[in-house]
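Following: one structure in structure tokens, then a few remarks.
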Amino acid sequence: MLFVWLRTDCNMRGLKNILLWNLMAAVILLGQARPNVKLNLQSSSGLRSDCAGNLMRLSLDKALAVGNQLEVEAINGTQHIVLTPSLAAQCGYSMESDPWGNTRIYTSLMGCYVDNKDDTTFNVGLRLQMYGQNPSDVASHDVTQTCSYSRWASREVLCDRNYMEVSKHMATPDAGAKGQTQDVNDDLQSNTIPGASGAAHGVWKMTFFTPEPVAMVLMEAEQAGYTAMTTSTRLVMRSPYNTAETYSEDVAGVPMEVFRASVYYKAPHGLSVENLAAACPTGGTLFTEDVISWHIPRRVTPLVDGSFKILEMHMGINGQRLDKSQMAARGYTLSATDFHIIIEIPVGSPDGYYKSHAPDYQYHITYSVEPMLDVLWRGDNNQDDTRYKVLFPITTPLMPRPPQAENNTILEDRMFSVHLGTFLHDVVLRNITFATGVLTVEECNARGFAVQEHSLPQGRKSFSLQVPFDADVVLKHNPEPLVTVYSLPLIFAFLILPEETPFAHPVDLEASLRDVVLPTITGTCDMNAFYIHVKYGSQGSSFQTMVGPLQLSPELGEAYNLKDNSTHLSLVVPYQAKATVFEIINSDSVRARLDILLWDPINNWLLGDFYLACSFPLMTTNCYPNGTMTALAVKVESVPNLEPSLLTLKDKSCKPVFSNDRFAYFSFSADSCGTTRMFFDQYMLYENEIGLYYDSNKGAYTSPIDPEYRQTVSCYYVVNETQTVAFSYKPRSNNPAAQIGSGQLMVQMRLAQDSSYEHFYEAEHYPVVKYLREPLYFEVALMQSTDPQLELILENCWATLHEDRTSLPSWDIIVDSCENHDDSYVTIFHPVVSDARVAVPSHFKRFSMKMFTFTKDDEVLKDEIYVHCDAVICDTNSQADGACRGQCAHRTGMSNSRQQGIKVKREQRSTDSSNQRQISSGPIVLLNPQSNF
Ligand SMILES: *[C@@H]1O[C@H](CO)[C@@H](O)[C@H](O)[C@H]1NC(C)=O
Ligand SMILES: *[C@@H]1O[C@H](CO)[C@@H](O)[C@H](O)[C@H]1NC(C)=O
Ligand SMILES: *[C@@H]1O[C@H](CO)[C@@H](O)[C@H](O)[C@H]1NC(C)=O
Ligand SMILES: *[C@@H]1O[C@H](CO)[C@@H](O)[C@H](O)[C@H]1NC(C)=O
Ligand SMILES: *[C@@H]1O[C@H](CO)[C@@H](O)[C@H](O)[C@H]1NC(C)=O
Ligand SMILES: *[C@@H]1O[C@H](CO)[C@@H](O)[C@H](O)[C@H]1NC(C)=O
């Protein structure tokens with residue numbers, strides 16, 4: 001960037017003055033409310049004074065600056081004169097401090113209060129007064145310096161920071177002229193001139209050229225801030241910049257401030273008039289990022305006319321000349337063109353200083369340096385030399401230096417790391433604003449966020465910060481289920497010292513990691529419940545749990561024995577709980593399933609999905625010997641809209657004895673509710689069906705409304721002589737599975753004690769003893785069943801000699817369900833009617849016969865018989881053939897021929913009929929009167 005300050009319309013003199021007075025004000029106590037540079041003069045080790053040509057320099061190190069205000073006084077013998085900015089500019093003093101308190105005070109050897117011995121020896125006295133916070137706390141230090149300077153050019157022009165000064169050797173005609181004075185106006189004689197030794201000689205009036213002439217007497221000029229005086233050999237005039245009687249002029253493109261005057265003075269030899277002029281640059285600087293170029297007109301036209309040559313040309317820094325090697329070491333150049341003398345200074349040279357600024361809260365820097373030009377001209381036609389010395393503080397324009405954030409984050413370390421720089425040494429990091437609030441540097445470090453300051457070359461610095469991803473100041477979000485984006489918005493707040501100017505710099509860090517571990521679900525079952533375990537993933541317990549269709553609430557958690565800690569949760573869900581579904585029901589078990597779902601309620605993401613299906617023991621159908629059937633219907637998953645309370649058996653008036661939203665419990669007797677009965681080879685089957693049925697007045701059972709739901713309830717009764725316990729299972733492909741229960745159907749044959757059939761021989765009475773031809777009353781009964789539609793039919797009955805029912809000889813008693821009419825020991829069926837013992841008469845058959853013996857060749861073979869029957873159980877409604885048409889109902893004719901005798905051979909009896917039961921009596925013994933008597 002190039003800043004051209006040449007040929008600019010702005011008032012450069014004014015600019016320079018403002019700059020200077022701001023700096024001055026920082027040093028000198030003016031009674032104004034301004035920030036004060038702080039100095040502590042307890043020791044003089046930080047004070048250094050020396051002489052630099054026509055100047056005395058006093059340097060104060062910033063090490064002395066400790067919380068105080070400085071006042072500078074000029075010491076004139078016993079007098080102390082407080083130097084205000086205007087008095088300093090009028091009297092040849094200038095002061096400048098850098099922001100940290102390094103201060104230089106220049107005193108012109110022609111200054112008002114300098115003790116001047118013959119313009120060769122100069123005693124400069126300054127008192128530095130330190131005022132602490134407490135007004136009584138004052139420290140002062142006197143500095144005196146004697147400078148010798150005799151190589152005065154006939155004209156010396158000094159451009160200091162706050163004033164322009166010109167001094168000129170006074171013409172000394174001849175010694176005899178001493179004491180002679182020209183006639184002057186007496187009324188001006190009384191003006192006293194500082195530095196003049198009385199009215200005998202001195203300046204008494206002057207005319208300024210602005211360029212219009214303006215005449216003033218000395219007193220008026222002094223009141224206007226000018227100095228005009230004589231020393232033993234020289235006439236001196238001094239003007240601050242930017243006064244009414246100075247003017248600006250552009251010289252070779254460089255803005256200059258000019259003051260010119262004709263001075264009337266009384267010299268020892270008489271009254272003289274001298275023309276004096278000073279011209280000082282107020283601009284002429286050019287900037288690039290790297291170089292400051294300072295242009296001074298080669299020919300300062302207000303000062304020189306005619307031709308001249310440059311005898312000497314020096315560059316200096318801070319009022320001190322540099323030699324060629326010093327300049328080369330620092331990269332300074334001093335050159336002259338036809339129009340300009342040019343000084344070039346690299347930006348950043350150690351003779352100057354950088355300073356941080358924050359206009360509009362943005363970080364900027366400037367570089368300041370104070371070069372000096374010291375030139376000696378000699379006019380071609382006379383021996384009058386002119387020394388021209390310019391002290392010219394230069395500060396670059398504000399240079400933006402937006403801090404650069406370097407992202408050093410290493411994902412594997414799960415740590416944000418940022419480096420922020422570069423700053424000058426006058427910047428301190430105060431605090432950092434995180435998403436959660438502001439933390440000072442100390443608080444950051446205390447919380448484990450390492451804040452470090454790094455020193456860089458050339459007094460620069462940078463800062464670094466490290467924050468773990470898991471810190472609470474880090475924001476996290478998940479753009480997708482397995483990815484976490486960590487973000488760390490930061491605002492670094494800085495202060496520029498010593499002014500405490502704040503500025504800030506935001507930095508946004510972000511890192512994305514595929515680091516999400518999802519929760520895991522496991523489960524087991526026992527006979528009663530599901531046991532679910534959830535192990536949290538990296539997101540902790542920040543998920544919602546669905547147990548079946550229900551969201552896990554605190555109440556549900558209590559019902560399901562929720563236990564959780566920082567890493568796990570567990571649930572115990574009974575298999576009949578609302579959260580489960582029934583997949584399949586079997587006669588002795590139900591298969592239930594529990595679905596567990598973990599989801600992120602914010603993003604609606606499924607985080608975990610688990611189901612567990614187990615079979616739990618449950619008898620859904622029970623078949624009791626007394627004919628009672630019970631069935632449990634459950635709402636299975638495949639029929640979601642079922643309302644169990646509306647289920648009925650085929651007879652829709654048979655409703656559940658108990659129901660809730662998932663179960664319906666039926667209990668009914670086998671002869672009711674539309675139960676059907678079927679006979680098979682080995683068993684008898686009762687069946688009903690649970691479903692939703694249409695209303696129907698026809699008495700006929702209709703199809704279920706919902707064909708999806710049809711639960712068959714079946715009971716198999718296996719008929720056994722004494723007892724039958726059997727279970728059959730008939731698988732069905734459709735859900736719900738058929739419910740097949742089992743039962744026992746017992747047929748019993750007993751011998752009654754008499755025809756009343758009230759008392760029977762019990763087991764312990766056998767063998768029962770009977771006389772020959774004594775009636776034997778048998779009763780065969782279907783035990784326990786209450787089904788009135790069943791009929792017990794005695795198909796065949798016969799007697800044998802031995803227990804083995806197939807043994808021979810045998811004698812038929814009932815043949816093809818009818819009495820054996822060949823039998824002379826006539827067999828008689830006895831009707832059965834209901835009574836206390838007989839609930840269903842068709843379940844009973846009674847017959848009697850007469851006791852007989854088997855004989856062979858008229859010899860009694862054995863006095864013992866066994867009676868056996870084949871019984872069948874029939875459906876009274878069926879139109880069956882054979883035995884089931886009824887006891888002896890099929891008889892076509894009657895044979896009256898009866899035979900008495902012994903059957904020696906029995907036909908093999910068919911046993912293909914499954915509902916045929918075989919029953920036998922115990923031994924019945926013939927009481928032989930012959931043998932007894
Ligand atoms: C400075 O001191 C000298 C001698 O002590 C005295 O003549 C002169 O008036 C003083 N000047 C001022 C401005 O006080
Ligand atoms: C943080 O520091 C800045 C100075 O850079 C200051 O202005 C601000 O008040 C500080 N904030 C807090 C909360 O301390
Ligand atoms: C910072 O660095 C990390 C790790 O290299 C990277 O993932 C991230 O995108 C970078 N950028 C920002 C703005 O944080
Ligand atoms: C949390 O519970 C699980 C079992 O449910 C156990 O294994 C684990 O150790 C527990 N953790 C803590 C921190 O108690
Ligand atoms: C049949 O037996 C079962 C089981 O013993 C009993 O609960 C039920 O009440 C009985 N039913 C009748 C009608 O006796
Ligand atoms: C009848 O029941 C008994 C006892 O349970 C058994 O031993 C026998 O085999 C059964 N008979 C038939 C025909 O089922």
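Excluded from the calculations below are hydrogen atoms, water molecules and symmetry mates; all remaining heavy atoms, backbone and side chain alike, are included. As the structure lists them, so they are numbered: ligands from 1, and atoms in each ligand from 1.
Taking every heavy atom of Ser566 and a limit of under 4.0 angstrom, the matching atoms of ligand 4 come to 13 (C). In summary, the atoms of ligand 4 found under 4.0 Å from a heavy atom of Asn565, numbered by their order in the structure, are 1 (C), 2 (O), 3 (C), 8 (C), 10 (C), 11 (N), 12 (C), 14 (O).
Ligand 3 has an N or O atom lying under 3.5 Å from an N or O atom of Glu510, backbone or side chain.
Residue pairs satisfying the ring-ring contact (aromatic ring centres under 6.0 Å, His included) criterion with at least one member in residues 581-608, sequence neighbours excluded, are listed as follows: Phe582-Phe663.
Below 30°, between 30° and 60°, or above 60°: for Tyr575 and Phe616 the angle between ring planes is below 30°, a parallel geometry. Relative ring orientation between Tyr757 and Phe760 is described as tilted, the plane-to-plane angle lying within the 30° to 60° band.
Ring pair Phe463/Phe423: centre-to-centre distance below 6.0 Å. Taking the centre of each ring, Phe658 and Phe666 stay at or above the 6.0 Å mark.
With a heavy-atom cut-off of 4.0 Å, Asn407 touches ligand 3 through its side chain alone.
In this structure, a donor-acceptor pair under 3.5 Å is present between the side chains of Tyr486 and Asp515. A donor atom on one side chain and an acceptor atom on the other are found under 3.5 Å apart for Ser462 and His419.
Between Glu779 and Arg837 there is a salt bridge, since a side-chain N of the basic residue sits under 4.0 Å from a carboxylate O of the acidic one.
For a heavy-atom separation below 4.0 Å, the residues in contact with ligand 5 are Tyr624, Asn626, Thr628.
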